[in-house]
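To start, the structure itself, in structure tokens.
All values below come from the heavy atoms of this structure, side chains included, with hydrogens, waters and symmetry mates left out. All values derive from a computational prediction rather than experimental measurement. Naming convention: chains lettered A, B, ... in sequence-line order (proteins, then strands); numbering from 1 in each chain.
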There are 2 protein chains.
Amino acid sequence: MSSAQGGAYERPHRPARPEAALAANRRSAIRQAALRLFAAQGYRSTTMADIGAAIGIRGPSLYKHVASKHELLAEIMIGTMEQLIAGNIAAVAGADDVREQLRRSVEAHIRYHARHRLEAFVGNREIGSLEQPAQDRVLGRRSDYERRFRELIERGAAEGAFRVQSARIASYSILDMGIGVSSWFHEGGEFTVDQLAYQYGDIALRVVGARPLGGSPDPLCE
Amino acid sequence: MSSAQGGAYERPHRPARPEAALAANRRSAIRQAALRLFAAQGYRSTTMADIGAAIGIRGPSLYKHVASKHELLAEIMIGTMEQLIAGNIAAVAGADDVREQLRRSVEAHIRYHARHRLEAFVGNREIGSLEQPAQDRVLGRRSDYERRFRELIERGAAEGAFRVQSARIASYSILDMGIGVSSWFHEGGEFTVDQLAYQYGDIALRVVGARPLGGSPDPLCE
DNA sequence: GAGCTTGGCTACTGGGCATTAGCCATCTCA
DNA sequence: TGAGATGGCTAATGCCCAGTAGCCAAGCTC
């Protein structure tokens with residue numbers, strides 16, 4: 001599945017370049033191919049030759065565009081955490097009520113894990129493949145992200161809006177169910193991303209024992 | 001971190017055998033060491049030399065006890081799924097009410113993921129490292145396990161005990177929060193296994209919108 | 001106590017892989 | 001138009017690793 005075929009290369013030495021504008025996209029094409037392969041085969045099982053083949057060049061040619069295989073992984077993983085955190089900050093800022101803040105946070109979390117399932121999947125599976133200092137950077141952001149959920153739930157509990165035995169376990173539950181989405185969701189399945197986000201928002205509010213906001217009662221307590 | 005050190009071996013060629021009874025335990029010691037290393041470093045990054053070193057022998061000597069590295073992984077993963085399914089069957093058989101069946105199923109799920117966190121962790125991360133037919137066997141059992149939860153929730157909903165928008169999503173949520181436990185739980189932390197199982201049981205009942213069983217109301221609805 | 005079994009060991013085989021070296025065709029732009 | 005930049009390529013380097021071959025010491029059994 002992975003390595004080059006020994007001798008006998010079929011491609012001509014110098015294929016007519018399809019389009020000139022491709023050059024600028026080369027790097028992002030490599031990143032996309034790497035992401036797809038890391039998700040499908042794992043980082044360690046993906047070779048530079050595989051990534052090259054996915055965009056029609058040889059493995060060593062990749063080094064004209066990227067510094068190393070590890071750099072590709074590190075970029076994916078750090079970028080993922082940055083986007084998750086940015087999404088969470090925006091979600092919390094978009095509402096005043098703690099229930100609504102939690103709902104929006106969960107919806108953003110689910111949306112990301114559905115829309116960027118490969119990034120999220122790789123981001124969760126390959127932490128151990130990261131070398132330092134990239135690993136510490138990713139783990140640090142991951143802690144920040146978790147803390148944001150935990151503190152939101154603690155605040156909701158302090159205000160009497162939520163009722164939980166442990167904010168830590170409630171936050172882990174909610175985060176982990178989102179992470180799971182990245183391993184089974186696929187576009188065109190039973191649910192759209194929006195439906196998914198909404199349903200998980202409901203579930204999260206149940207998990208924290210949210211009291212109804214305004215008029216509409218929680219489905220559990222009507 | 002992994003390979004042998006070139007030349008210069010310090011151990012004598014024939015160490016006095018510590019105890020005769022060790023021989024019988026050799027195979028399980030190897031399995032345990034492999035499990036620990038697979039969890040810590042990943043299957044691909046763990047070498048036979050690593051596993052051997054963990055029990056004080058050389059890599060090639062392992063082949064006197066096991067057929068291949070892959071066999072070690074396959075045993076761990078198939079065994080894990082068998083135990084999860086057996087635990088679920090026992091949990092469901094232990095109660096008549098569907099709420100109680102769900103609670104016991106979730107408690108068994110959580111207990112397994114806390115007590116056998118390495119097995120569960122490896123079992124979830126290394127599916128792609130399994131070769132056929134082992135991979136299909138594991139995936140088949142995994143589907144069975146998921147279906148058992150889904151059908152239990154569907155039954156509860158049909159009986160009016162649960163209220164969910166999608167039994168599939170509810171079951172995935174519950175399973176995924178348990179899987180998450182295997183990545184953060186450690187003995188001696190904030191919670192005991194029993195406390196964890198009980199709390200997750202509560203959370204699962206909230207997720208499915210369970211109506212109170214008998215006298216005691218759900219904490220959310222009192 | 002001799003031969004078989006067990007379970008170590010070292011050396012080796014056959015292969016894979018990230019990365020580097022160095023070549024060269026095309027393109028760009030002065 | 002020609003020199004440098006760009007981005008391919010093949011070959012080579014250096015390393016790692018699963019698994020095999022074959023040796024050998026200790027224990028067991030008859």
Has A:H65 got a side-chain N or O lying under 4.0 Å from the OP1 or OP2 atom of D:dT6? no

Provide, to the nearest angstrom, the distance between the CG atom belonging to A:L62 and the P atom belonging to C:dT20. 13 Å

Is the shortest distance from a Lys or Arg side-chain nitrogen in A:D144 or A:R141 to a carboxylate oxygen in the other one below 4.0 Å? no

note: B:L72, atom CG; D:dG19, atom C1'; distance rounded to Å ~ 13 Å

Contact class for B:K69 vs. all strands (heavy atom < 4.0 Å): base, sugar-phosphate, or nothing? sugar-phosphate

Starting from P on C:dT6, measure out to CZ on B:R27 and report it in whole angstrom. 15 Å

Rounded to the Å, how far apart are A:E131 CD and C:dT19 P? 9 Å

Pairs meeting criterion ring pair (Phe, Tyr, Trp, His ring centres under 6.0 Å) with involvement of residues 176-206 of chain A, two or more places apart: A:W184-B:Y172

Counting just side-chain N and O atoms, does A:R58 come under 4.0 Å of either OP1 or OP2 of D:dT10? yes

If you take all heavy atoms of A:L72 and A:A34, which pair is closest and at what distance? CD1-CB, 4.0 Å

Counting heavy atoms from C-beta on, name the nucleotide in C:dA18, C:dG22, D:dG22 closest to the side chain of A:K64. C:dG22

Rounded to the nearest angstrom, tell me the gap between atom CD in A:E71 and atom P in C:dT19. 10 Å

Looking at B:R44, I'd like to know whether one of its side-chain N or O atoms comes within less than 4.0 Å of OP1 or OP2 on D:dC17. no

I want to verify a distance call: between D:dC17, D:dG19, C:dC17, whose nearest atom is closest to the B:T47 side chain? D:dC17

Can you tell me if B:S61 touches the phosphate of C:dC9, counting only side-chain N or O atoms and a distance under 4.0 Å to OP1 or OP2? yes

With a cut-off of less than 4.0 Å, is there a side-chain N or O of A:H70 near OP1 or OP2 of C:dA18? no

Should B:R31 and B:E71 count as an ion pair when the cut-off is N to O under 4.0 Å? no

Closest to the A:P60 side chain, choosing from D:dA11, D:dG22, D:dC17: D:dA11

Can you pull out every ring pair (Phe, Tyr, Trp, His ring centres under 6.0 Å) where at least one residue sits in residues 44-63 of chain A? Sequence neighbours excluded, please. none

Between OH of B:Y63 and C1' of C:dG7 the distance, given in whole Å, is 16 Å

Tell me: CD1 of A:I30 to P of D:dT6, nearest whole Å? 15 Å

Tell me: CD1 of A:I57 to P of D:dG8, nearest whole Å? 5 Å

